[in-house]
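All values derive from a computational prediction rather than experimental measurement.
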Amino acid sequence: MVPIGYEYNHYNHDGPLLTVLISIHPAISPPRINQVNGPSMEDEVLVEYINGWKNSLFKEFPHLDGLIDPLVVNEKAMTVYIGRYLTPFEPPEQLQGSSDEETLKNLCQFVAAIPSAPNNQPILTRRIWLTSQTVLEWLVGGDEERAVLLHNYLAALHYEVYILLGMAVPEGETAFVLYRNKTNQTMRMINPTTGMNTNATDPTCALQQVWALFNQNNFWVNIHFKVHPSQLQYQVSKDDWRPLFSRRFPNPQLNTIQTPENLIYTSTSAKDVRQLEESIVDHLKQSFTKWRKTTRTKWNRHASQIFRDILIQTADGDLTPTSNNLEQLLETYKVFGIPIKTTYVNMESLSDMLYATGLHRHHGFDFALSAFIKSYPNHLIHIFIFGAYLENL
């Protein structure tokens, strides 16, 4: 949420807090993932050890059955140890800031700009984990692929970093990035889908349950009765975490499956970005007008330009965007608006988001619609939209 025209107070949490409980009656059990014993990249000794380790774990902690698996499916439909996806990646030169903190902020937004994979796969099948180069070429990925890419960037910046597997709201089963702040040594979490960076002790974070964490060295399962990230101690040497590899079966130090090991980046044309921005505004205005067939729609160009300037500030990370022209506008109009920030898939998805706001149902005197695109390497973009209706004071 972006405050416009009023004072913003900084709290210990990020944004408004709203808890919603939805229940189903009668209660139903979640479906189990269909575990198909297909071909594996790993040798039989490792596969048999991991399967035996899982069976022992699930007998002792049956609630974890179906939630974790150190073996995932790769692009060739073969199972592979999850740690093979982790290897340091040098960040794109365009995203490297004057400090590690600035670079980290840029990388979070870059990874969050990767569009989500369509969630239309059968519920009983396992997800396919794509390599990072494939994600950047196809411009699509899931929570896991974003977490892997962000982890590898942080590893190149010499952070102590892990990937958390668990459940979040509204994502459901997901993956977050956990790292240790270099300045104060606190543990922090990043939602790779939104780029939101929070303290691991924040009880209001989106991540609700932590089932396991892993890095290049090992895979650990949370066997503590507490599952909320704010209640956990991230000292994997303690008994609260059950390691996959130990002295009895040490980490075989497998090679990464990321190819190439140095990611290939392409530049994004500023001219193409500007043309797309204009096309988005035209498309949304035409759609908006169609939704109001029986009512005349008057566009306030001056207000639209003011809001675009504010969107530019927001895209640059300003939490309190403002403008002298906005103050003058507020002396004449009451402004009721809704901001939208999203990745780009197609025009229809943007129309659906704008339609869902319900702005077209209002009978304001004037309407304003603005868009701004923040571009990243490899044709990744974040779209900022602000739609509003204005009423005379």
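The pair K374-E277 does not meet the salt-bridge criterion, since no charged nitrogen lies less than 4.0 angstrom from a carboxylate oxygen. By the 4.0 Å N-to-carboxylate-O rule, K105 lies too far from E101 to be salt-bridged with it. A salt bridge is absent between E173 and R127: the closest approach of a Lys/Arg side-chain nitrogen to an acidic carboxylate oxygen does not fall below 4.0 angstrom. Taking the charged nitrogens against the carboxylate oxygens, K182 and E160 have no contact shorter than 4.0 Å, which rules out a salt bridge. Ion pair D282/K285 not flagged as a salt bridge, since none of the NZ, NE, NH1 or NH2 atoms sits closer than 4.0 Å to an Asp/Glu carboxylate oxygen.
With P88 as reference, Q216 is the one residue of Q216, H158, Q258 to meet the side chain to side chain contact (heavy atoms under 4.5 Å, CB included) rule. Applying side chain to side chain contact (heavy atoms under 4.5 Å, CB included) to N218 and the options P243, P250, S246, P70 leaves one that passes, P243. Of the candidates W220, Y81, F214, F245 forms a ring-ring contact (aromatic ring centres under 6.0 Å, His included) with just one, namely Y81.
Not a single salt bridge (Lys or Arg N to Asp or Glu O under 4.0 Å) links E171 to another residue, sequence neighbours left out.
Looking at Q96, its side chain never comes within 3.5 Å of a backbone N or O of T103 through a donor-acceptor pair. With hydrogens and angles ignored, the 3.5 Å screen pairs a side-chain donor or acceptor of R180 with a backbone N or O of Q185. When atom types are taken as modelled, the side chain of N378 and the backbone of L380 share no donor-acceptor pair closer than 3.5 angstrom. Formation of a donor-acceptor pair under 3.5 Å by the Q209 side chain with backbone atoms of H228 is not found in this model. For R292 (side chain) and R296 (main-chain N/O), a donor-acceptor pair under 3.5 Å exists by modelled atom type.
There is no side-chain donor-acceptor pair under 3.5 Å between H382 and T343. Defined by atom type and a distance below 3.5 Å, a donor-acceptor pair is missing between the side-chain atoms of T256 and R84. R274 and S269 form no side-chain donor-acceptor contact under 3.5 Å, judged by distance and modelled atom types alone.
Residues Y179 and H151 are not in side-chain contact: their nearest non-hydrogen atoms beyond the backbone lie 4.5 Å or more apart. Within the 4.5 Å cutoff, no side-chain heavy atoms of T322 are placed close to those of I310.
W291 and Y355 have their aromatic ring centers within a separation under 6.0 angstrom. Ring-centre distance between Y333 and Y389: not below the 6.0 Å cut-off. With ring centers used as reference points, F288 lies under 6.0 Å from W299.
Pairing each heavy atom of A168 with each of T174, the nearest pair is CB-CG2, 3.6 Å.
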